[in-house]
Amino acid sequence: MTASTITPGPNSIMIMASGVNFGFRSTVPHILGVAVGITFVISLAGIGIGAILDLFPFVQWALLAASTTYLLYLAWKIANAAPTAEADTAGSPLTFAQALLFQAVNPKVWALGMAAVALFAPGFAPQSVVLVALTFAGVGLLSNSAWGWFGTVIRRFLSTGRRLKTFNIVAALALVASLAPALF
């Protein structure tokens, strides 16, 4: 469980980039939105949405297309984020609602949610599903807070426009690369 929530994926990469570009305090709504969104996705997986997705593959493809498009858009935003001095006027971190809604199309979260429910909530008992969802959200909250904090730590190193631009491009490429498991 811990490995799946700590390893880099779309959420951790975006949160780290947000920490670099906007600071930890401005990234907190993003972190909280991810935690709540993960709770909802895992809960939905527990009530059988995963089975519905298995029955209707076109819905999976639609979710995959939506998530891929959105992740490519976010990668573009990260790659083109303004240097720190310009950040206040040139962009903003994801809001709580944007981060929450992103979980609905995040392929890693759906895969994690369906696997978590299958492994840790046998019989899909509601109390077990809720416990699994809250546990993953809690571990994810701690993990994503660490990624956001790490972003603020390396922000000092990235204080020059050139270093920050290089970081943003690398982070954007890592975000695009995080799509590989879902696409292949």
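Not measured: the values here are computed from a predicted model.
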Side-chain H-bond candidate by donor/acceptor type, N144 with N11, under 3.5 Å: no
Transitive ILVMFWY side-chain link V170 to F157, under 4.5 Å: no
Inter-residue atom distance W76.CH2 - N168.CG, 0.5 Å rounding: 12.5 Å
Neighbour count >12 (heavy atoms, 6.0 Å) for atom CZ, F150: no
Point-to-point distance, once rounded to the nearest 0.5 Å, from OG1 of T95 to NE2 of H30: 9.0 Å
Any F167 side-chain heavy atom under 4.5 Å of R162 side chain: no
Rounded distance [0.5 Å steps], OG in S43 versus CG in L134: 7.0 Å
Spacing of L74 atom CG and Y70 atom OH [to the nearest 0.5 Å]: 4.5 Å
F24 atom CZ, neighbour heavy-atom count above 12 within 6.0 Å: yes
Heavy-atom pair of closest approach, residues A35 and A137: O-CB, 3.5 Å
Under 3.5 Å donor-acceptor, N106 side chain and F102 backbone: no
Residue pair R155 / F22: nearest heavy atoms and the distance that separates them: NH1-C, 3.3 Å
Straight-line distance of I15 CD1 to W147 CH2, nearest 0.5 Å: 10.5 Å
Transitive ILVMFWY side-chain link V36 to I38, under 4.5 Å: yes
Donor-acceptor pair, side chain of S145 and main chain of L141, under 3.5 angstrom: yes
Where A172 and I78 come nearest, the two heavy atoms and their spacing: N-CG2, 4.0 Å
Hphob cluster co-occupancy, V130 + W110, side-chain heavy atoms under 4.5 angstrom: no
Where T152 and G23 come nearest, the two heavy atoms and their spacing: CG2-C, 3.6 Å
Contact summary for K77 and S92, nearest pair of heavy atoms: NZ-O, 4.5 Å
A65 backbone acceptor or donor facing T69 side chain under 3.5 Å: yes
Nearest heavy-atom neighbours spanning P29 and S26: CD-O, 3.5 Å
Spacing of W149 atom CH2 and I154 atom CD1 [to the nearest 0.5 Å]: 10.5 Å
Side-chain (K165) to main-chain (A79) donor-acceptor, under 3.5 angstrom: yes
